[in-house]
Each structure stands twice: as structure tokens, then as C-alpha cells.
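Index from 1, following the sequence.
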Amino acid sequence: SQMLNGSLGYRVGLRGQVGVSASWAENVYPNQIVGGVENNNNITSLGLYANYRIGNTLRASGSFGQAKVSSTVPGATDFKGANWSLGAGYAGPRLGANISTGQGVNGGRGSSANYSIQRYFNISSTYRANDRLRFATGYSHSKVDFRGITSIPETEVASSNVNDRFFVGADYTLSRMVRMGVDFNHQRRSSNPDDYS
């Protein structure tokens, strides 16, 4: 796979920025031949983004654009749809919080699919008890739809899955160069078919 990203932004006052972004990616799957053509796809996207800081503690960001997946392989399913994200964060003296949601299109790297469409939601918070001790907790949810090719069965192992993850953790600064942390995660995946849950 190879990828190219670019963006151009314009500062709004001292607190914000607006801009445009674009990306192009090519994914090639060696030894997957369909009708004499090596399995491949191109993913292009173009969008607008903005971010803004309110005071010293609040910030917000968002983006919206369109993604397109295309392939020359017989039987491959093309896709055209929205890429978007929204996020907000708070960073106080002791308490911090972040929330984000969005949708994106990715190549099939790391999964048995040609490409995938993911929708996600994340929320997390931190609490600084003192200069050395900090606690964190959070929850994330995502739904991933996988797109494959019928003539290559290994690209259609699963059609979708839903992931839920909850975590709690803490870290303690022993010195300026050493920090110790502990983290507990619970994750659940519900897959279609259920064999991969």
C-alpha cells in the first residue's frame, strides 16, 4: 500500500483554523488474481476541516468530506460516501475529558477484506490527583463493515463486526525520567458471522 496526504489551512484569529484536505491511497493484494487482474483498489478523499479553541480549556474540531473507492478488478464493489468527524475536549487544572465520533473508509490492511467502512464513538476522561498521580477511564464503540470480492472467498470472511471497549487506568511519576502505569481493558466483539465474536 502507498498513501499521499495533503492539507491547506487558514488561521482564524488566534484560536482557530479552517482548511481543505485531500488524500489518495493505493492498495494492492499480491497473488489475488481475478480475471487476469491483480486485486487492487484506490481510495481518494476530499474534505473541509475546522478547529477552534475556546479560552484555555475548551477545544472543538470537525471535518466533512467525501471518499471514493474504485477498482478495475471484475466483481469488486466500488463505494462513494461521506467521511466525517466531530470532536470536543476539555483540559482543566485537574479534570480532562474528550469525546469524538465519525466515519472513515480504510484499505483492507490487517483484515480479510478489500476495504472497510468504520463508524466510531469515543469518550474518555482523566483526573490528576496531584503532581505525580493521574487516573483515566473511557469507553469506545465502533462498527466496521467489510467489503470483499465473491470470487476471492478469503476477502469475505466477515461482513461486519461491532467492537465495544472499556478501560480504567492510572499512572504515577516516580521521577523526572521514570513513570509507572497500570491499565485494565475489557473488550467485546460481536461479529457477523458469529464465529468471529
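The shortest non-hydrogen separation linking Ala158 to Phe146 is O-CB, 3.4 Å. The two atoms that bring Thr126 and Ala136 nearest to each other are CG2-CB, 4.0 Å, heavy atoms only. Closest approach of Phe166 to Gly138, counting heavy atoms only: CD1-O, 3.3 Å. Scanning all heavy atoms of the two residues, the minimum distance from Ala22 to Leu46 falls at CB-CD1, 3.9 Å. Tyr90 and Leu95 make their closest contact through CE2-O, 3.3 Å (heavy atoms, listed as atom of the first residue, atom of the second, distance). When all heavy atoms of Ile43 and Gly107 are compared, the closest pair comes out as CD1-N, 3.6 Å.
Counting only distance, with no hydrogens or angles, the side chain of Arg165 and the backbone of His141 share no donor-acceptor pair below 3.5 Å. With hydrogens and angles disregarded, a donor-acceptor distance shorter than 3.5 Å links the side chain of Ser159 to the backbone of Asn192.
Residue Ser151 holds its OG atom at 9.5 Å from CD of Gln32, rounded to the nearest 0.5 Å. Distance check, rounded to the nearest 0.5 Å: CG of Asn161 to OG of Ser116 gives 9.0 Å. To the nearest 0.5 Å, atom CZ of residue Arg147 and atom OH of residue Tyr115 are 5.0 Å apart. Atom CG in Asn42 sits 7.5 Å away from atom OG1 in Thr44 (nearest 0.5 Å). To the nearest 0.5 Å, atoms CZ (Phe121) and CD (Gln103) are separated by 16.0 Å. Taken to the nearest 0.5 Å, the CD1 atom of Ile117 stands 4.0 Å off from the CZ atom of Phe79.
Ile33 and Tyr29 fall into different hydrophobic clusters, where Ile, Leu, Val, Met, Phe, Trp and Tyr residues are linked whenever their side-chain heavy atoms come under 4.5 Å apart, directly or through other members. Both Phe135 and Leu174 sit in one connected hydrophobic cluster of ILVMFWY residues. Membership requires side-chain heavy atoms under 4.5 Å apart, directly or through other members. Val178 and Met180 fall within a single hydrophobic cluster, where Ile, Leu, Val, Met, Phe, Trp and Tyr are joined by side-chain heavy atoms under 4.5 Å apart, directly or via other members.
Remark: the Ser191 side chain and the Ser197 side chain contain no N/O donor-acceptor pair separated by less than 3.5 Å. Arg11 and Gln17 share no side-chain donor-acceptor pair at under 3.5 Å. Side-chain N/O atoms of Asn163 and Arg188 include no donor and acceptor closer than 3.5 Å.
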I'd like a table of donor-acceptor pairs (distance under 3.5 Å, sequence neighbours excluded) in which one partner is a side-chain atom from residues 56-70, with atom names and distances.
unit_1 : atom_1 : unit_2 : atom_2 : d
Arg59  : NH2    : Asn98  : OD1    : 2.6
Ser63  : OG     : Ser85  : OG     : 2.7

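Residue pairs meeting the side chain to side chain donor-acceptor pair (under 3.5 Å) criterion with at least one member in residues 129-140, sequence neighbours excluded: Arg128-Asp131, Arg134-Asp171, Tyr139-Asp164.
Not a single salt bridge (Lys or Arg N to Asp or Glu O under 4.0 Å) links Arg15 to another residue, sequence neighbours left out.
Applying the 4.5 Å side-chain rule to ILVMFWY residues, one finds Val34, Val37, Val73, Ile149 in the same cluster as Ile152. Through ILVMFWY side-chain contacts below 4.5 Å, Tyr49 is grouped with nothing and stands alone. Taking Ile, Leu, Val, Met, Phe, Trp and Tyr as hydrophobic and joining them when side-chain heavy atoms fall under 4.5 Å apart, one finds Val18 in a cluster with Tyr10, Val12.
Contact of the Ser1 side chain with the Glu26 side chain is not registered, since no non-hydrogen atoms from C-beta on lie closer than 4.5 Å. A heavy-atom distance below 4.5 Å is found between the side chains of Val28 and Glu38.
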Chi angles and distances behind the side chain to side chain contact (heavy atoms under 4.5 Å, CB included) call for Gln2, Trp24 = CA-CA 8 Å; Gln2 52 187 337; Trp24 170 87; 4.0 Å; yes
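The one candidate from Thr77, Asn39, Asn27, Asn40 that meets the side chain to side chain donor-acceptor pair (under 3.5 Å) condition with Asn114 is Asn39.
A salt bridge links Lys143 with Asp145: the closest approach of a Lys/Arg side-chain nitrogen to an acidic carboxylate oxygen falls below 4.0 angstrom.
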